[in-house]
Number of protein chains: 2
Amino acid sequence: MPKVGMEPIRRQQLIAATMAAIDEVGLAEATVMRIARHAGVSAGIISHYFGGKDGLLEATMRQILTDLGNAVAARRHALGDHSARAHIGAIIEGNFDRTQVTGPAAKTWLAFWASSMHKPMLQRLQYVNDRRLYANLCHQFRRLMPRDEARNAARGLAAMIDGLWLRGALTPEGLDADQARRLAYQYLDQLLAHHSQRLQAPQTPIQPTDTLST
Amino acid sequence: MPKVGMEPIRRQQLIAATMAAIDEVGLAEATVMRIARHAGVSAGIISHYFGGKDGLLEATMRQILTDLGNAVAARRHALGDHSARAHIGAIIEGNFDRTQVTGPAAKTWLAFWASSMHKPMLQRLQYVNDRRLYANLCHQFRRLMPRDEARNAARGLAAMIDGLWLRGALTPEGLDADQARRLAYQYLDQLLAHHSQRLQAPQTPIQPTDTLST
DNA sequence: TTTTATTGATTGAACGTTCAATAAAAAAAT
DNA sequence: ATTTTTTTATTGAACGTTCAATCAATAAAA
């Protein structure tokens, strides 16, 4: 089987196998042997390409974060409408993207969330990603409201997104992405309602059954 | 040291030591020896009182869920005002209770969230707790709105609570409980605003500090 | 003296890593 | 075209470590 130029192929295989193994039995029992078997290779190869198990786990988390970043960036670039609401919508959509919501990715994500609290390298990755989400949201909200309120809105929406995600991952039936999107948009529109220069009123990618306001 | 009637004492010590160990080094490295050392006892005692490490972990998760249940129940019983908003407020307050927000409890909680996906017993505990939160919220919202909307509101608020929790646990500085409460209440009031029989308007247990702009 | 609680050395299983051996492809030589 | 050599990728058995569980020995209370 040894062909030249295997490195990128094997790396991808092993990262995918890692997610599959975590999906199957959890991080605690995702041994190098199980991961290797999933990828159809031997255990030793992991140390060869990633320097060890930790290296593979780090690479896997990087992959997940990169996927999320791409999912968001793609939707923001495809935006016709450059309103704040549209940008924030793209962030929501990106976070509930197919690749992210899938069983393996969701469980892997949650496993890394938990273990990042005690592994400095993973913590760093998680932190950077977190700040990026918050900063993006904050920047968009800032276009419609004063700074302190924008910060609150960003914190609230970030929490809502993560919360929907978390509960989706924990639910045996998996995340209902449509329902999650709907709830996130509904919350977003409530946040924006008070500050709508009327330019900016409910634009409805999704109609939250609106309401004649207070 | 052997006195009679040690069992309940040791059990409590060991459960507390488990949370402390998880807080310190994470579930993956919370070995029986480390936990035992934390409690000032030997490793063997764990199997003696809990039948094994798994038994101790299960008991620890049960403890955390019980603490949460008590925190909520206490606040609901202490309620003067029996409005739906007051009840939901008690649920929010209970979830951001001191004993829950503390470092050890928060990290232990997250660790169990992750591992409950692959351990049927923990999954069962987590699921029951989850349904209870949802059912309680749903029941209270139902007093103010039609069923489908009540369900959405309950799902949204549950996600918001868990999301704030999660992000608090992941943040290096820990959860800012006051800020979390404020955001949860703000969201709650937005949910209720559309349905307020005028009895029910913003009652402000917490003032969202509103902002002098910029 | 009996009962109860606790210890800690021991055991066996499981893990990640290593590395000499191997096999396949690519390159060079014929 | 064929053979030989070199390079690259891969294997899997062996090693050292770490862990949870066990249980005979022990020490304190009753």
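Below, read A as the first sequence line, B as the second, and so on, with proteins coming before strands; counting in each chain starts at 1. Just so it is clear, the model here is predicted, and its values are computed rather than measured.
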Checklist entry - How long is the line joining CG of L14(B) and P of dT6(C), in whole Å? => result 9 Å
Checklist entry - Expressed in angstrom and rounded to an integer, what is the separation of M33(B) atom CE from dT17(D) atom C1'? => result 13 Å
Item to check | Partner nucleotide, any strand, of dA14(D) [Watson-Crick/G-U, under 3.5 Å] | outcome: dT17(C)
Next on the checklist: Regarding G52(B), tell me which of base, sugar-phosphate or nothing describes its non-hydrogen contacts under 4.0 Å with the strands shown.
Outcome noted: sugar-phosphate
Item to check | Heavy-atom side-chain proximity of W109(B) to M61(B) below 4.5 angstrom | outcome: no
Checklist entry - Are E24(A) and R34(A) close enough for a salt bridge, meaning some N to O gap below 4.0 Å? => result yes
Checklist outcome for this item: In whole angstroms, the gap separating P of dA21(D) from CD1 of I45(B) amounts to 14 Å
Checklist entry - Is the backbone of N95(A) close enough, under 3.5 Å, to the side chain of W165(A) for a donor and an acceptor to pair up by distance? => result yes
Checklist outcome for this item: Rounded to whole Å, the NE2-P distance (H48(A) to dA20(C)) equals 14 Å
Next on the checklist: By the 4.0 Å heavy-atom rule, please label S42(B) as base, sugar-phosphate, or nothing.
Outcome noted: base
Checklist entry - Between L56(A) and I15(A), is any pair of side-chain heavy atoms under 4.5 Å apart? => result yes
Checklist entry - Which of these nucleotides, dA5(C), dT11(D), dT7(C), is closest to any side-chain atom of V41(B)? => result dT7(C)
Next on the checklist: Does Y49(A) reach a base, just sugar-phosphate, or nothing at all? Heavy atoms under 4.0 Å.
Outcome noted: sugar-phosphate
Checklist entry - OP1, OP2 of dT6(C) versus side-chain N and O of R10(B): anything below 4.0 Å? => result yes
Checklist entry - Roughly, in whole Å, what's the span from NZ in K53(B) to P in dA21(D)? => result 8 Å
Checklist entry - To the nearest angstrom, how far is I9(A) atom CD1 from dA9(D) atom C1'? => result 12 Å
Checklist entry - Are side-chain heavy atoms of D148(B) and R151(B) found at a separation under 4.5 Å? => result yes
Checklist entry - Between E29(B) (CD) and dC15(C) (P), how many Å, whole number? => result 16 Å
Checklist outcome for this item: Whole-Å distance, I46(A) CD1 to dG12(D) P, equals 14 Å
Checklist entry - Watson-Crick or G-U wobble partner for dA29(D), using a 3.5 Å limit on both distances? => result dT2(C)
